[in-house]
Amino acid sequence: MINISLPDGSVRQYEKGVSALDIAKSISEGLARNVLSAKVNGTIQDANIPINNDASLQLFTWNDVDGKKTFWHSSAHLLAEALEALYDNVKFGIGPAIENGFYYDVDLGEKTLSSEEFPKIEAKMLELARNKNEYIRKEISKEEAIAFFKEKGDEYKLELLEELEDGNITFYQQGDFVDLCKGPHIPNTGSIKAIKLMSLAGAYWRGDENRKQLTRIYGVSFPKAKELKEYLVLLEEAKKRDHRKLGQELELFMFSERVGSGLPIWLPKGTALRTRLENFLKDEQVKRGYTPVITPHIGKKELYETSGHWQKYGEDSFQPINTPKEGELFLLKPMNCPHHCEIYGHKPRSYKELPLRIAEFGTVYRYEQSGELHGLTRVRCFTQDDAHLFCMPDQLKEEFLGVLDLTTFVLKKLGFDNFTAQISLRDPGNKDKYIGSDELWEKAENAIIEATQEVGMETVTELGEAAFYGPKLDFMVKDALGRSWQLGTIQVDYTLPERFNLEYIGADNQAHRPVMIHRAPFGSMERFIGVLTEHCGGKFPLWLQPEQYALLPISDKFNDYANDVKNQLAALDIRGFVDDRNEKIGRKIRDAEVNKVPIMLIVGEKEAAEGKVAVRKQGEGDVGAMGIDEFKSYFNQLLDEI
RNA sequence: GCCGAUGUAGCUCAGGGGUAGAGCACUUCCAUGGUAAGGAAGGGGUCAAGGGUUCAAAUCCCUUCAUUGGCUCCA
C-alpha cells in the first residue's frame, strides 16, 4: 500500500500502481469523468500513469488552469490528427496550449490553407473526438524516434529530436496519429465536445525569420458546447468594447495618416477625459509630497550616453535630430529619468531634502516597429505619469511601500479591483544583459520582494524580465472581461544615480549615493485610457465623463428652460450639454443612449412649470422627476458609486 | 521589420475594364413631437498615394503609405 496525500490535507491509502484516475474514481465517479491531468509530487502528468510510491496528488479538471492547458494541448494533437487525415504530406512543427486555446504550426507543402476550410477541419476533429481514442504514452528510444520521423519525412520533428536526450523521449498516440510529445494529455479524445478554429497566421519555424514560414492554426476547444457559445459571446463583447472602435465612436482620439502612424491625436472629449485623469493623480501626488516639474521633449545625445540608453537602444530609436549650424545631435526623449536626474543634480543635496519626489506627466517618443502599433496600447508617442523618487538606501522600502499604496489607490478608484503584481528580476544566467553590480542588484531585488510581502500583495515572479538597469514590479490588471493588461510599473534603480554621479550630504557630512525609484501608476495615459475604455465598455466613471448629462427638451419651446437648467447645474459643477436639435424626444434619447451619456435630463411643459428635470439613466431608463437640489444629491450619490 | 489580409462619402459597407452606389450622419424645408430612429428634398467621393498595362483603370500589374491578424521586439 502507498500513501497519497491530497490538497485538503487528507491522506488515503491505495494499492501500489494506482493511477490518479483510479483515485479520482474512488472519490467520486463524477470527479473521475472530469479529471484531465494530475500533479504528482509537483510534476504534472497523465492521469492514467501508475503511481508506485507515496505521493502528494492534485487532480486537475476543466476548472484548473493546468487542466485547461492539458485539454487544449490534447486538442492540438486532435487538430493534427484531423489535418493528417484530410491533407497529404502534412509536416508538423509545434502545437502547444496557449492562454485561450491552442495552436499547431504546420507545413502543408504547396497547399495554402484558407479559413473557409475550417468548418471541414472542425467537423473532422469532432468526428475523431467521438471515437474516444485514448492518448497513449510510449517511451521510445531516440534511435527509434528518429527512424519514425525519417520514414514520415518530417524534418521539423527530427530537428526537435536532435535536442532531446535518449531515454527522455516520449510519443503520444491517439487514433492513427503519433506525435513526439512530452505530455501530459487528457485520458481520451471523448471529452473534447466543442471546437472552434479561430484564425490562421504565418509563423516562422522556431521564431526565426530566416527560416521557413509555417502555417499556424489557432483554435479553442471546450468540454461542453455551451461553453464554446459563451466564449464566442465573450469575444463579441470584447469586439464591441475595443477601444479603437469606441474611441472613434465616442470621438476620444484619432490617428492621421498625414501626422504619422502610432501618433495618437486627442480629440476634445478624449482630452477632457484625460485631463481629468491627470488632474486626479496630480492632486493626489501633491498630497503625497511629490514636486511637479516640466522638462523639454528633446535632449542632447550625450545625455543618453550618460544614462546608458543610447548604447542600449540607440539603434532602435528615432534617430538624432541635428541642428543646422552647430551640428549638435538631439534625441526625442524616450525616458524622463535623465532629465530628472539633472534636476536632482543641479544643486548640492542634503539628506534633509530626501526623499525627493520629482513628478512629471512627461511625453516620450519611442520607435516601435510598424507591425507592433496597435490603437492606444502600442504607440510611438505617449505620456507617462512619471515620477522619480530619490532617497537614502534605508528609505527605499518605505518609499516603495508608499508607491504601492498610491498605485493601489489609483487602480481601485478607477474600478480595477482585480490586479496582481509581477516582480521582474534579472536572469541570473545572463548577467551581461544588465548594467550595475551584483550587490546593487541583490539589494534592489530584495527591497521589492520585502515590500510586497509586507503589504501581503499577490505576486508572480519572472526571471529575466527586469529592465536593464534594475528590477521592477509591474501591475497586471484584469479587466471586466477577465483579460490581463500590464499597466503601472515601479522600478528600483541604483545605476542611474551612479552614472549621473548624484550625491547627497549625509548627517555624517560625507557624500552618499541616493537610490532612485521610477514609477508610473497609470503607466502611460494612452495605454491606460485604452484599457480603461475596454474595461468599462466606454461607460466611464461619472467623474471622468466628458459629458455627464444631456439635457433633452421635448420641443424647442423648452430650449430656454433647458439652458437655464444647464447654467444652474454648471454652478453646481455638473457638466453637460443641451440637445436643442429639432428632433423628437425619442430620437434625442436614442442618440444620448448610443453615445453612452450617463444621465439624460428630459424637460417639457410639466418640468418647466414645476422647475424640475425628468431624470433618465443610460442603459437603465426613467428614474423620475426631481428638482435641481434633489438631482444634485442624486448625482452625488451616483458619483460615489464610482 | 517579416508573412498574410484590407483600403470606395464623416461612419458602416456593396460594386467592379466603359467617366461611382446604399444605409446612417450632414444641410434645407415640413412636422412642435413625452422616454431608443417623424417625413420630404438636397449637398458630399482624384474609389489611400504614385507609377505601369490598355482605345479606356476605381477595377488588372508594380511601388509606397496606412489599417489589421500573426511572428519578432518593447527603456
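- Checking the phosphate oxygens (OP1, OP2) of G69(B), no side-chain nitrogen or oxygen of S199(A) falls inside 4.0 Å.
- With a cut-off of 3.5 Å on both Watson-Crick or G-U wobble distances, the partner of A22(B) is given as U12(B).
- Atom CZ in F382(A) sits roughly 10 Å away from atom P in A75(B) (whole-Å rounding).
- If G619(A) and A466(A) are placed on RNA chain B by their nearest nucleotide, the residue sitting closer to the 5' end is G619(A).
- With hydrogens and angles ignored, a donor-acceptor pair under 3.5 angstrom links the side chain of R616(A) to the base of A36(B).
- Across the protein-nucleic acid pair, L200(A) atom CG and G4(B) atom P stand 13 Å apart, rounded to whole Å.
- Mapping R216(A) and G621(A) onto RNA chain B by nearest heavy atom places G621(A) at the nucleotide closer to the 5' end.
- Using a 4.0 Å heavy-atom criterion, one finds that G586(A) contacts the sugar-phosphate atoms exclusively.
- Distance noted for atom C1' between U19(B) and G10(B): 25 Å (whole Å).
- Side-chain N/O atoms of E257(A) and base N/O atoms of A66(B) include no donor-acceptor pair closer than 3.5 Å.
- In this structure, U53(B) forms no base pair with any nucleotide, since neither Watson-Crick nor G-U wobble geometry is met with both distances under 3.5 Å.
- Here the side chain of Q491(A) is nearest to one of U32(B), G34(B), A75(B), namely A75(B).
- Under 4.0 Å is where a charged nitrogen must lie from a carboxylate oxygen, and between R206(A) and E163(A) at least one such pair does.
- For D105(A) and K212(A), the salt-bridge test fails: no basic side-chain N is under 4.0 Å from an acidic carboxylate O.
- Nucleotide C65(B) holds its P atom 13 Å from the CG atom of L373(A), rounded to whole Å.
- With distances taken from any side-chain atom of R590(A) to the nucleotides A36(B), U67(B), A75(B), the minimum falls on A36(B).
- In summary, D479(A) and R241(A) do not engage in a salt bridge, as defined by a charged side-chain N under 4.0 Å from a carboxylate O.
- No salt bridge links E610(A) with K606(A); every basic N to acidic carboxylate O contact stays at or beyond 4.0 Å.
- Taking the side chain of Q248(A) as heavy atoms from C-beta on, and the options G34(B), C11(B), A75(B), the nearest nucleotide is C11(B).
- The side chain of E593(A) sits closest to A36(B) out of G34(B), A75(B), A36(B).
- Listed nucleotides: C73(B), C11(B), U35(B). Nearest to the side chain of A614(A): U35(B).
- Here the nucleotide nearest the side chain of I589(A), chosen from A75(B), G70(B), U35(B), is U35(B).
- Spacing of P atoms, G45(B) relative to C3(B), comes out at 37 Å, to the nearest Å.
- With a 3.5 Å ceiling on both atom-pair distances, the Watson-Crick or G-U wobble partner of U6(B) is A66(B).
- Phosphate contact (OP1/OP2 of C71(B), side-chain N/O of Q369(A), threshold under 4.0 Å): absent.
- Residue Y469(A) and nucleotide A75(B) are not classified as a stacked aromatic pair, given the requirement of ring centres less than 5.5 Å apart at an interplanar angle below 30°.
- F255(A) has its CZ atom 12 Å from the P atom of A66(B), to the nearest Å.
- Side-chain atoms of W485(A) and E534(A) include no donor-acceptor pair closer than 3.5 Å.
- Across G38(B), C73(B), U35(B), the shortest atom-to-atom separation from the side chain of R378(A) is found for C73(B).
- In this entry C29(B) has G39(B) as its Watson-Crick or G-U wobble partner, both defining distances falling under 3.5 Å.
- Of the P atoms belonging to A22(B) and C29(B), the separation is 24 Å, rounded to the nearest Å.
- The side chain of Y218(A) contributes an N or O atom lying less than 4.0 Å from OP1 or OP2 of C71(B).
- Within 4.0 Å of E607(A), counting heavy atoms only, lies at least one base atom of the nucleic acid.
- A distance of about 49 Å separates the P atoms of A66(B) and C30(B), rounded to the whole Å.
- Taking the charged nitrogens against the carboxylate oxygens, E630(A) and K612(A) have no contact shorter than 4.0 Å, which rules out a salt bridge.
- Here R590(A) does not pair with E593(A) in a salt bridge; the nearest charged N to carboxylate O distance is not below 4.0 Å.
- For G69(B), the OP1/OP2 oxygens have a side-chain nitrogen or oxygen of R244(A) closer than 4.0 Å.
- Base-pair partner of G44(B): not found among the strands shown (Watson-Crick or G-U wobble, both distances under 3.5 Å).
- The C1' atoms of U54(B) and G17(B) are separated by 9 Å, rounded to the nearest whole Å.
- Heavy atoms of N582(A) sit under 4.0 angstrom from at least one base atom.
- With U32(B), U35(B), G34(B) as the choices, the nucleotide that has an atom nearest any side-chain atom of D556(A) turns out to be U32(B).
- Checking the phosphate oxygens (OP1, OP2) of U67(B), no side-chain nitrogen or oxygen of H374(A) falls inside 4.0 Å.
- In this structure, the CG atom of L246(A) is 16 Å from the P atom of C11(B), given to the nearest Å.
- Rounded to a whole Å, the CG atom of D242(A) is 12 Å from the P atom of U12(B).
- At the heavy-atom level, K588(A) lies nowhere under 4.0 Å from the strands shown.
- In summary, E605(A) and K557(A) do not engage in a salt bridge, as defined by a charged side-chain N under 4.0 Å from a carboxylate O.
- Judged by atom type and distance alone, E372(A) does not reach the base of G70(B) through any side-chain donor-acceptor pair under 3.5 Å.
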